[in-house]
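Working notes, structure below.
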Number of protein chains: 2
Amino acid sequence: MPKLPPLNALRAFEAAARHGGFIGASAELNVTRGAISRHVKLLEDHLGFPLFVRQAQGVRLTDAGMQFLPVLTEAFGQIAREADRLSRNASELRVICPPGTSIRWLLPKLDRFQKAYPDFRLRLTTDFYADGGFDPIEADIGFSVANWPNRSPDIEVLTLFPTALTPACAPGYLRDMALKSPEDLSRCTVLHDPRSKTDWRAWTDRFGLAPVDPGVSQTFPNIDMATKAAVMGVGVVLADLVLCREEFEAGALAAPFPDLVCQSPLGGVCLLAGHEKWHSPKVAAFRSWAYDVAEPDRVMVHDRISALNAEGSKA
Amino acid sequence: MPKLPPLNALRAFEAAARHGGFIGASAELNVTRGAISRHVKLLEDHLGFPLFVRQAQGVRLTDAGMQFLPVLTEAFGQIAREADRLSRNASELRVICPPGTSIRWLLPKLDRFQKAYPDFRLRLTTDFYADGGFDPIEADIGFSVANWPNRSPDIEVLTLFPTALTPACAPGYLRDMALKSPEDLSRCTVLHDPRSKTDWRAWTDRFGLAPVDPGVSQTFPNIDMATKAAVMGVGVVLADLVLCREEFEAGALAAPFPDLVCQSPLGGVCLLAGHEKWHSPKVAAFRSWAYDVAEPDRVMVHDRISALNAEGSKA
DNA sequence: TCTTTGGATAAGAAAAACTGATCCTAGCCA
DNA sequence: TGGCTAGGATCAGTTTTTCTTATCCAAAGA
């Protein structure tokens, strides 16, 4: 096994050869001429043959030096490029998040993340099947629900906030339809997203009600569109207190049965990633940030649920 | 232009990754575990991401580390192999020498060179047109004559000894032919090598003689064969006092006209090489050795010529 | 001849790398 | 359960390396 010459001397020689002199190399490496001179001499002593011919006006490569240079340039270049690529990769945080959670919760907060961690370049995809995007496998961290079935065992999970559900519609719609009791929902238009059939069932089950069998229902590709339709007065949506928090607080959505709040059987919104990625610095930074940012939502849901429980036991 | 990480740290990481642990690396690099640990940490800090996952029973490469390792191994390998190749190359001394000079002068002395410089592996070729040998252009140093026409100007030359010529033949031949004066040569068989026609002419010119026009002449491919034929009593050769020194001293060759010694117009036997090779350590070693070894021959020819000059002016 | 360019060199200062000792953690084994 | 072991991390102190600063020096050009 051939032995490796002193590496810093190799670098000094490579720079000197590339610049055609020690002065150029000393500028590139931020050292003095003397340092380069000593490095080159050391390397020549190590190799046992000269790399430069010393002339009055500088140096000229020997044949051996001429043969050595391209090998070094290429080798160092490969190392530098790969190190750079890996660094870029490490500073790029690839997040995958379903469209509803993304638009209604994550996106409005992301600029705060960028301010807090300006070194990370965040790439978000909301489309698990995107062509032009990145493979979900390649993502560093993803948003999901806590009780997703068949979760691989070495995946780490952190719940950001529980999913608390209650029917909601535009205030005008509520007035027009005169919604007094859950049975009145049969007269309404129910606005679905792909998850909400299970959730409606959980909601009726939770409060011992008959399944809701509306006259009209519409299905939207995600929770955001269903919610927007509800705000426009199209019908009733099973709203997430957190994801629809803004609409509730602005009065754009009203809850006809504010006491009938249940949690989703799929669990709350959570972050998840494989063990190694989970503990990488960039993902650790993101999840700690996300957990902090979700604090008010966790508190809000918690307070609401406890208040209802207290009221229920009091009644 | 991507920046190069600390090179010694890279080497430490590469060794550690290859050995699957810091202890193996510390053995390979002859340092302690702690040194490897610090190097790896330094590199991780520089890159901004971890290369190893630390576990109770040692370390495991991260994805990034796994991607980095083969690049480093390959780059370091290329450097080490090329350095090794160049070192071997530098220790190989390629000498080109005409057959006569080679057999009659150089070869008998070469074992002394090997003893003096055991690190050099000497490759000698006597054939400028050899197929299996090496290109004369690739030779490090060559033997020639000092006054070769059209010599390229940046070629350095060192004359080892002058070429002093006088006719010579076996003592029996001399007796049988009763050689008394140069004119008697016309009765002899003259033994030629490719150079000797010019030299005969120089010899006759030098002493104001008519050109030798022998009844019989034979031509040999090199001076060694012509000399051997002369020793066998075939005819007369224009002998070089140095190259035929052994035969003269052993009495195998006799000079019919010992006072008629001239120097070759082509000059003495010399070493030559391009400027750069000339000053390389291995060639410098060889030529200084060769010059020393040629000392007795220089002295012998010098003494002989001065003696003749003194005698000539006295007469 | 004098100046400029570019490298070589040496002494001392600064930085780095290394060692040796000690600490720490997780698995292992009785 | 607790000691044992393997393998790293860390720290203080020392050794080595490396760098700088300040001269030299040689050759080319003005």
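Just so it is clear, the structure is predicted and the values come from calculations on it, not from any experiment. Side chains are part of it too, since the values below use all heavy atoms of this structure and drop only hydrogens, waters and symmetry mates.
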Under the side-chain hydrogen bond (donor to acceptor under 3.5 Å, both in side chains) rule, collect the residues that match up with [X], sequence neighbours excluded.
X: Ser26(A); value: none
X: Arg88(B); value: Asp84(B)
X: Asp297(A); value: Trp105(A), Arg245(A)
X: Thr73(A); value: Glu14(A)

### Query
Do the side-chain N or O atoms of Ser37(A) get closer than 4.0 angstrom to the phosphate oxygens (OP1, OP2) of dA8(C)?
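Checking dA8(C) against Ser37(A), a side-chain N or O does come within under 4.0 Å of OP1 or OP2.
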
Suppose the criterion is salt bridge (Lys or Arg N to Asp or Glu O under 4.0 Å): which pairs have a residue in [range], not counting sequence neighbours?
range: residues 34-43 of chain A; result: none
range: residues 285-296 of chain B; result: Glu295(B)-Arg298(B)
range: residues 54-76 of chain A; result: Glu44(A)-Arg54(A), Arg60(A)-Glu276(B), Glu74(A)-Arg81(A)

### Query
For the helix from dT1(C)-dA30(D) to dA30(C)-dT1(D), what angle lies between the axis at the first five pairs and the axis at the last five pairs, to 10 degrees?
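Result, rounded to 10 degrees: 20°.
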
### Message
Please confirm whether the ring centroid of Phe22(A) lies under 6.0 Å from the ring centroid of Phe52(A).
### Response
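Ring centres of Phe52(A) and Phe22(A) closer than 6.0 Å.
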
I'd like a table of atom pairs between the protein and nucleotides 15-19 of chain C - only N or O on both sides, under 3.5 Å - with the distance next to each one.
residue : atom : partner  : partner atom : Å
dC18(C) : OP2  : His39(B) : NE2          : 2.8
dT19(C) : OP2  : Thr32(B) : N            : 2.5
dT19(C) : OP2  : Thr32(B) : OG1          : 3.0

### Query
With sequence neighbours left out, what residues match Ala12(B) under side-chain contact (heavy atoms from CB on, under 4.5 Å)?
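In terms of side-chain contact (heavy atoms from CB on, under 4.5 Å), with neighbours along the sequence ignored, Ala12(B) is linked to Leu29(B), Ile36(B), His39(B).
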
### Pairs touching residues 60-91 of chain B that satisfy ring pair (Phe, Tyr, Trp, His ring centres under 6.0 Å), sequence neighbours left out
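Ring pair (Phe, Tyr, Trp, His ring centres under 6.0 Å) check on residues 60-91 of chain B returns no pairs.
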
### Interface limits on DNA chain D, where chain B has a heavy atom under 4.0 Å of a nucleotide atom
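Result: dA6(D) to dT10(D).
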
